[in-house]
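Since the model is a prediction, treat every value here as computed from it, not as a measurement.
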Amino acid sequence: MVAVEIPSLVLKSSTAQRRMPVIGMGSAPDFTCKSDTREAIIEAIKQGYRHFDTAAAYGSEQALGEAIKEAIEVGLVSREELFVTSKLWCTDNHPHLVASALRKSLRTLQLEYLDLYLIHWPICAKSGKFSFPIDAEELMPLNLKGVWGAMEECQRLGLAKAIGVSNFSIKKLENLLSFATIPPAVNQVEMNLAWQQKNLRDFCKANDIIITAFSPLRKGASRGPNEATDNDVVKDIADAHGKSSAQVCLRWLYEQGVTFVPKSYNKERMNQNLQIFDWSLIKEDYEKISQIKQQRLISGPTKPQLKDLYD
């Protein structure tokens, strides 16, 4: 199998204008077996994947680190060719804990630096024990200015080549941009054909913030039919192009100028997800896509849900 060449985007506020491959491999938390994860990541590297998305909260940093170490040792890839993202969990969303949380992720991943470090949610919880969902009673006011200052220091120290956020609304980004010395390079949010995020996309584009779409195939907390991949409109478009529904979903994201991190450990699907760069959607496809019913899937990490999380 020939490895696919994946296009990349420059992260404007990164150290030395780091490039981020547009498609990455997600590793959201549903691991049953660490060895499955490790083998899947090595297979992904063989296929051409270079961008890997994890988080302290996912429990996948160790397996990803082991896979990367093995892939480098056997000469499949060099560290410089890889792009690794991890995320700061809400219990470490305190100015004095940011650097130690990042260093802990680096130790678990067996890496010297991250390519991108994100604030996972615009929420702060009491430090200490990890729990998901977070009990609303554990929440505290978030000192975003202090936390972001600590994130900036991590970039200056070279622990991360770029810094960013995740699950931030326009209002929360505006607040962050009002005091940031290093603006966020990325905002990772839920985005797919059934949650297209047009206003947020426009805002991020105007402010040189790259969006990374999680749940790009609307998998994850699935409730009922998948409004992206199982949608009749999407199936019709897929049939017309001789592609799968998943490929249509990912091609649409690519054409919006965003990056995306589908998660599949199936060898064939991993490969199919890369076969999106040599064809295009047409005007009629866009007209159909604009009629897909919009609904957010991921409501947040707290119990009960927060009313103003997404403003």
Side-chain angles (χ1 to χ4, degrees), residues 21-31 40 44 49 51-55 57-58 60 85 87 118 120-121 132-133 166-169 186-202 204 210-241 243-266 268-277 279 281 285-302 305 309-310:
V22 295
I23 184 169
M25 183 169 169
S27 62
D30 61 354
F31 295 126
Y49 285 88
H51 169 184
F52 294 91
D53 182 85
T54 185
Y58 292 170
S60 57
T85 300
K87 308 180 192 81
L118 304 177
H120 203 148
W121 288 94
F132 188 88
S166 182
N167 301 296
F168 270 53
S169 63
V186 166
N187 184 21
Q188 183 176 132
V189 294
E190 179 188 343
M191 182 176 160
N192 51 61
L193 282 177
W195 191 244
Q196 296 177 17
Q197 296 270 35
K198 181 163 179 358
N199 293 341
L200 184 63
R201 266 188 291 148
D202 291 345
C204 287
I210 301 280
I211 284 185
T212 298
F214 71 75
S215 298
L217 303 174
R218 208 171 169 84
K219 296 203 165 55
S222 305
R223 293 183 290 273
N226 184 320
E227 294 297 339
T229 52
D230 297 341
N231 192 301
D232 287 341
V233 167
V234 180
K235 285 178 180 169
D236 288 348
I237 294 170
D239 290 346
H241 289 278
K243 302 293 174 189
S244 70
S245 293
Q247 287 170 322
V248 170
C249 292
L250 298 179
R251 177 69 202 185
W252 177 81
L253 288 162
Y254 176 59
E255 291 185 12
Q256 306 319 304
V258 306
T259 59
F260 38 95
V261 285
K263 179 190 157 290
S264 176
Y265 290 172
N266 173 292
E268 280 70 40
R269 279 200 298 272
M270 268 194 231
N271 184 256
Q272 281 175 8
N273 288 347
L274 294 179
Q275 308 304 321
I276 59 166
F277 300 116
W279 58 281
L281 296 168
D285 299 334
Y286 271 89
E287 284 162 8
K288 289 174 185 165
I289 284 167
S290 69
Q291 288 157 27
I292 295 172
K293 182 173 148 244
Q294 296 296 296
Q295 192 185 2
R296 188 190 297 282
L297 187 67
I298 310 296
S299 50
T302 62
Q305 301 303 339
L309 179 59
Y310 298 108

Is the side chain of Q247 donor-acceptor paired with the backbone N or O of Q272 at a distance under 3.5 Å, no angle test? yes
The reported gap from CG in N226 to SG in C249 (rounded to nearest 0.5 angstrom) is 7.0 Å
What one should report as the nearest heavy-atom pair of H51 and P21 is ND1-O, 2.9 Å
What one should report as the nearest heavy-atom pair of Q305 and G300 is OE1-O, 3.5 Å
Rounded to the nearest 0.5 angstrom, the CD-CG distance for Q197 and N187 is 8.5 Å
Charged N to carboxylate O below 4.0 Å: is that the case for D239 and K235?
no
Separation between CG (L250) and OG (S244), nearest 0.5 Å, reads 8.0 Å
Value for CG (L118) from CG (D53), rounded to nearest 0.5 Å, stands at 7.0 Å
Is any side-chain heavy atom of I23 closer than 4.5 Å to one of L253?
no
Tightest non-hydrogen contact, residues K87 and T54, listed as NZ-O, 2.8 Å
Discussion item. Over 60° means perpendicular and under 30° means parallel, so tell me whether F277 and Y254 are parallel, tilted or perpendicular.
Written reply: perpendicular
Residues at least two apart in sequence or cross-chain that pass side chain to side chain donor-acceptor pair (under 3.5 Å) with S169, listed by chain then number, are D311
Taking every heavy atom of L309 against every heavy atom of P301, the minimum-distance pair comes out as CD2-CD, 4.1 Å
### Check: V234 and T229 side chains under 4.5 Å, non-hydrogen atoms
no
Exercise for review: Given side chain to side chain contact (heavy atoms under 4.5 Å, CB included), test T259 with Q188 step by step and report yes or no.
Suggested key: CA-CA 9 Å; T259 59; Q188 183 176 132; over 6 Å; no
> Would a 4.5 Å heavy-atom cut-off, applied to side chains only, mark N273 and Y49 as touching?
Replying inline: yes
Just wondering, do W252 and M191 contact through their side chains at under 4.5 Å, heavy atoms?
yes
Between N192 and S215, the two heavy atoms sitting closest are ND2-O, 3.0 Å
Tell me, do L200 and Y310 make a side-chain contact under 4.5 Å, heavy atoms counted?
no
Value for CZ (R269) from NZ (K263), rounded to nearest 0.5 Å, stands at 9.5 Å
- Message: Within the structure provided, determine whether L193 and N231 are in side-chain contact (heavy-atom separation under 4.5 Å).
- Response: no
Scanning both residues in full, the closest heavy-atom pair of S27 with Y265 reads CB-OH, 3.7 Å
Q. Would you say the side chain of L281 lies within less than 4.5 Å of the side chain of I289, judging by non-hydrogen atoms?
A. yes
- Side chains of L297 and E190: does their closest heavy-atom pair fall under 4.5 Å? yes
Rounded to the nearest 0.5 angstrom, the CD1-CZ distance for I276 and R251 is 7.0 Å
Between Q256 and Q196, is the side chain to side chain contact (heavy atoms under 4.5 Å, CB included) condition met? List the steps. CA-CA 10 Å; Q256 306 319 304; Q196 296 177 17; over 6 Å; no
